[in-house]
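Structure first, then comments.
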Amino acid sequence: MSKLEQWPQGLGPVICVVGARPNFMKMAPILRAFSENVPAIPTLLVHTGQHYDKDMNDKLFDDLRLPKPDINLEVGSGSHAVQTAEVMKRFEPVIDERKPSCILVVGDVNSTLACTLVAVKKNIPVVHVEAGLRSYDRGMPEEINRVLTDQIADLLYTTERSAEGNLIREGISADRVRFVGNVMIDSLLENKKFARDPATTLQEHGIDPKRISTPEGYGLVTLHRPSNVDHADTLSSLLTELRRISEKLPLVFALHPRTKTNIERFGLQQLIDTPSMIMLPPQGYLEMLGLMASARIVLTDSGGLQEETTALGVPCLTMRENTERPITVEQGTNTMVGRDIPLIRRMTEETLSGNGKRGRIPELWDGRAAQRIAEDLSSWLIVRSVATA
Ligand code: UD1
């Protein structure tokens, strides 16, 4: 495809929205692809400020070489209603002032839906990257964000083929949907060579790296879903089992602020207070890549890690009842274990005895998804601007 030489006069910038940690690794390759493949496109990076901690935010921007946001709405934490409403209130004047040709949102966090709603009501087209994923669990706030964003967005880029079927079942026309691959895997493939050695990561936190250099290796754990960490009984039973696993295989935890707060609130510190459970604060992108790539097993409830472990070929046990990313189970290294303690135990043992899933790389998870989006979107915007002129 020939490169776009000039951006049509009168056509505004593409406003790219990020809000929370899992958005950053999706947006970084998209911005890079815009500047490399269609440099004529003006872009504007808006950060809603949903995540604001140094650990959850600044470090990831540096690691991913994301440009500093042009605008930060600084919404911070709040209930879902407050956070969503606050993003909407603060995003509206940005659209009024900047008159974008479209807004581009990624993933499924509250900021994704909030900005989509604002734009659509102002007749600004919305492009959703990572569309069509469904867990079919309406108890998950992310599922509500996905369903609503996809219903009202104009152009939907998908990461796996099953997503298009989900969208069509919801009455969305196939001509709004394009299968382009997985931008999060673009980030992973680009940054793998920079991944930080896990021993260095531990040392940086004053932890003796010998604690993970056992003949068995180590496992990596992340846990932050409200369904797993917001109830004392559930959190306590998961931590008890993880402690048991750690007696055979040291476990490194990257502790999300929500989980840390709840462990303290429920008085569960004694469950994690053992040398075989190594607690770290939320990690940077390169530290996390290094920790994942060298782990014997990953135990998680994250969406992103299910895909990243598939791309890295590392066995992953997902402590959720369902996944919106079924390709990681069908083709990748992911196994769903829910909160079923005997199943977690059995699958961990199977994996450690060498029978973990090996998997293969899904279609179009090839590092070029963002490039496909940049080229397709620029043509779409130009065709659309001519049609609506
Ligand atoms: C959000 C996303 C979730 C994503 C996760 C990754 C929604 C609905 N959920 O959930 O999909 O997997 O981010 O982290 O958007 N906090 C801090 N510092 C921060 C950010 C949050 O301390 O920088 C604390 C606050 O006390 C806050 C809690 O963490 O109440 C939860 O943060 P929030 O953004 O509301 O949701 P997450 O659970 O992080």
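Counting starts at 1 for both ligands and their atoms, in listed order. Worth saying up front: this structure is predicted, and the values here are computed from it rather than measured.
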Between [X] and [Y], is there a side-chain N and carboxylate O pair less than 4.0 Å apart?
X: Arg225; Y: Glu142; value: yes
X: Arg178; Y: Asp376; value: yes
X: Glu324; Y: Arg134; value: no

Protein residue, atom and distance nearest to [atom], heavy-atom basis:
atom: atom 16 (N) of ligand 1; value: Tyr52 OH, 3.7 Å
atom: atom 8 (C) of ligand 1; value: Asn110 OD1, 3.2 Å
atom: atom 10 (O) of ligand 1; value: His51 NE2, 4.4 Å
atom: atom 26 (O) of ligand 1; value: Ser77 OG, 4.1 Å
atom: atom 2 (C) of ligand 1; value: Val109 CG1, 3.7 Å
atom: atom 38 (O) of ligand 1; value: Arg258 NE, 3.1 Å
atom: atom 24 (C) of ligand 1; value: Pro257 CB, 3.9 Å
atom: atom 3 (C) of ligand 1; value: Glu142 OE2, 3.2 Å

Does some side-chain heavy atom of [Y] sit less than 4.5 Å from a side-chain heavy atom of [X]?
X: Leu60; Y: Phe24; value: yes
X: Val147; Y: Glu170; value: yes
X: Arg211; Y: Tyr218; value: no
X: Leu377; Y: Val127; value: yes

Side chain, backbone, both or neither: which applies to Pro22 and ligand 1 if a contact is any heavy-atom pair less than 4.0 Å apart?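 The part of Pro22 near ligand 1 is the side chain, not the backbone.
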May I ask which of [options] has a heavy atom nearer to [atom] than the others do?
atom: atom 35 (O) of ligand 1; options: Gln83, Arg21, Met56; value: Gln83
atom: atom 12 (O) of ligand 1; options: Met140, His256, His224; value: His224
atom: atom 18 (N) of ligand 1; options: Asn57, Asp53, Thr222; value: Asp53

Geometric N/O contact His80 with ligand 1, under 3.5 angstrom: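 Between His80 and ligand 1 (N or O atoms, distance only) the closest approach is not under 3.5 Å.
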Do Gln50 and ligand 1 have an N or O pair less than 3.5 Å apart?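 Looking only at distances, the answer is yes, because the N/O contact criterion of under 3.5 Å is met.
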Do the ring centers of Phe61 and His47 come within less than 6.0 Å of each other?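 Ring centroids of Phe61 and His47 are less than 6.0 Å from each other.
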Quick one: sort the His224 and His256 rings into parallel, tilted or perpendicular, breaks at 30° and 60°.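 Ring orientation of His224 relative to His256: parallel.
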